[in-house]
Amino acid sequence: MTSILDATALADRLGAACPGAVAAVAPGELRLHREHLIDAVRFLRDDPESDLVFLSGLTAVDRETHFDVVVHLQSLDHNHLLTVKVEADHDEPVVPSLTALYRGAHLQEREVFDLMGIRFEGHPDLRRMFLWDGFPGYPLRKDFLGMPGQLKAGLPGFPHESGDNAWPVPGTGPRPGGAPIVPGGSP
């Protein structure tokens with residue numbers, strides 16, 4: 001069975017190897033300072049006791065005043081895991097990219113950028129992944145419904161939307177032969 005690493009003991013070792021990196025400790029979780037993220041995670045990956053060589057997940061949580069970028073690291077040999085969190089400002093959310101340490105961070109950071117708007121400094125190809133260029137805002141942010149410019153969240157044409165939503169949606173418009181596309185209508 002997979003076990004959770006003792007974050008307190010790990011924080012002591014990490015603090016000795018990378019002074020100032022640890023911001024807070026909770027059971028199974030280390031909160032790191034953004035400016036020390038790369039060095040701290042490199043230590044966690046390369047240290048034989050922690051051996052956190054696998055990035056199993058990377059996501060973000062909107063806390064309204066800031067974002068928490070949440071990284072789940074795992075040791076396949078020792079069968080233990082740890083959650084690492086780093087805070088990003090809400091106004092200009094930027095954190096260092098982990099792509100140089102974990103290839104698996106590549107698509108996960110792009111997803112977080114696309115849906116939350118957090119920029120990963122040093123990412124080799126940071127662009128939208130699911131939504132099209134020009135999509136207004138970031139739909140997983142808590143403030144998405146209050147976008148500037150009188151735009152409304154969601155897709156135009158759905159029952160909960162007003163008719164004044166002017167941004168373009170791929171796939172809408174006339175069909176070949178001139179018949180309009182109607183959401184929920186027949187093909």
Side-chain angles (χ1 to χ4, degrees), residues 7 20-41 44 55-73 81-173 181-184:
V22 179
V25 180
E29 174 184 307
L30 289 179
R31 183 171 289 277
L32 302 176
H33 289 288
R34 183 176 44 237
E35 60 273 10
H36 296 287
L37 179 66
I38 299 299
D39 292 335
V41 171
L44 295 172
L55 184 141
S56 60
L58 187 148
T59 190
V61 179
D62 186 348
R63 301 286 185 197
E64 293 186 5
T65 59
H66 68 277
F67 293 101
D68 281 338
V69 176
V70 181
V71 181
H72 299 284
L73 301 173
L81 52 91
L82 177 74
T83 299
V84 172
K85 292 183 180 177
V86 64
E87 191 173 302
D89 298 328
H90 208 272
D91 295 333
E92 291 292 326
V94 178
V95 296
S97 173
L98 294 176
T99 55
L101 299 175
Y102 299 99
R103 283 193 217 172
H106 183 89
L107 291 177
Q108 294 179 62
E109 288 178 356
R110 280 186 58 195
E111 179 182 17
V112 171
F113 167 70
D114 190 11
L115 301 175
M116 297 288 271
I118 298 171
R119 294 200 162 276
F120 290 89
E121 191 172 62
H123 191 284
D125 186 24
L126 193 63
R127 58 189 163 96
R128 287 203 183 255
M129 184 172 173
F130 300 114
L131 302 170
W132 55 95
D133 288 333
F135 184 90
Y138 304 97
L140 292 186
R141 284 189 179 189
K142 290 183 179 177
D143 60 358
F144 180 62
L145 296 177
M147 292 185 301
Q150 302 300 321
L151 293 174
K152 306 256 188 271
L155 298 175
F158 283 80
H160 67 280
E161 295 296 332
S162 66
D164 62 348
N165 217 352
W167 48 274
V169 177
T172 60
I181 295 174
V182 179

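Just so it is clear, the model here is predicted, and its values are computed rather than measured. Computation of the quantities below employed the complete heavy-atom set of this structure, encompassing side-chain atoms and omitting hydrogens, waters and symmetry-equivalent molecules.
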Engineer: Where do Tyr102 and Leu73 land on the side-chain contact (heavy atoms from CB on, under 4.5 Å) test, with the steps shown first?
Structural biologist: CA-CA 10 Å; Tyr102 299 99; Leu73 301 173; 3.7 Å; yes
Engineer: Is the shortest heavy-atom distance from the side chain of Lys142 to the side chain of Arg63 under 4.5 Å?
Structural biologist: no
Engineer: When you look at Phe120 and Val69, which way does the side-chain contact (heavy atoms from CB on, under 4.5 Å) test go after all the steps?
Structural biologist: CA-CA 10 Å; Phe120 290 89; Val69 176; 4.3 Å; yes
Engineer: Between Arg110 and Leu126, what is the shortest heavy-atom contact and its length?
Structural biologist: CA-CD1, 4.2 Å
Engineer: Within the 4.5 Å heavy-atom criterion, are Leu81 and Ser56 side-chain neighbours or not?
Structural biologist: no
Engineer: Please determine whether side-chain contact (heavy atoms from CB on, under 4.5 Å) holds for the pair Leu58 and Val70, giving the CA-CA distance in whole Å, both sets of side-chain angles, and the decisive distance to 0.1 Å.
Structural biologist: CA-CA 6 Å; Leu58 187 148; Val70 181; over 6 Å; no
Engineer: Residues in side chain to side chain contact (heavy atoms under 4.5 Å, CB included) with Leu140, at least two apart?
Structural biologist: Leu115, Met116
Engineer: To the nearest 0.5 Å, what is the distance between CG on Leu107 and CG on Asp114?
Structural biologist: 11.5 Å
Engineer: Can you name the residues that form a ring-ring contact (aromatic ring centres under 6.0 Å, His included) with His90, not counting sequence neighbours?
Structural biologist: Phe67
Engineer: Main chain of Val94, side chain of Glu121: is a donor-acceptor contact present, judged purely on distance under 3.5 Å?
Structural biologist: no
Engineer: State the CZ-CE distance between Arg127 and Met129, to the nearest 0.5 angstrom.
Structural biologist: 9.5 Å
Engineer: Could you go through His106 and Asp125, starting from their C-alpha distance and side-chain angles, then the distance that decides it, and tell me whether this counts as side-chain contact (heavy atoms from CB on, under 4.5 Å)?
Structural biologist: CA-CA 8 Å; His106 183 89; Asp125 186 24; 4.0 Å; yes
Engineer: For Pro93 versus Gly117, what's the shortest heavy-atom pair and its separation?
Structural biologist: CG-O, 3.5 Å
Engineer: What are the two closest heavy atoms between Gly28 and Leu82, and how far apart are they?
Structural biologist: O-CD1, 3.5 Å
Engineer: Heavy atoms only: give me the nearest Phe135-Arg128 pair and the separation to one decimal.
Structural biologist: O-NH2, 3.2 Å
Engineer: Do Arg119 side-chain atoms and Val95 backbone N/O form a donor-acceptor pair below 3.5 Å?
Structural biologist: no
Engineer: Can you name the closest pair of heavy atoms from His36 and Gly20 and give their distance?
Structural biologist: CD2-O, 3.2 Å
Engineer: Does Asp68 pair with Arg31 as a salt bridge, N-O distance under 4.0 Å?
Structural biologist: yes
Engineer: Pick from Leu98, Val86, Leu30: which one makes a side-chain contact (heavy atoms from CB on, under 4.5 Å) with Val41?
Structural biologist: Leu98
Engineer: For Ala60 and Ile118, work out which heavy atoms get closest and say how close.
Structural biologist: CB-CD1, 3.5 Å
Engineer: Tell me if a side-chain donor or acceptor on Arg34 pairs with a main-chain N or O of Pro96 at a distance below 3.5 Å.
Structural biologist: no
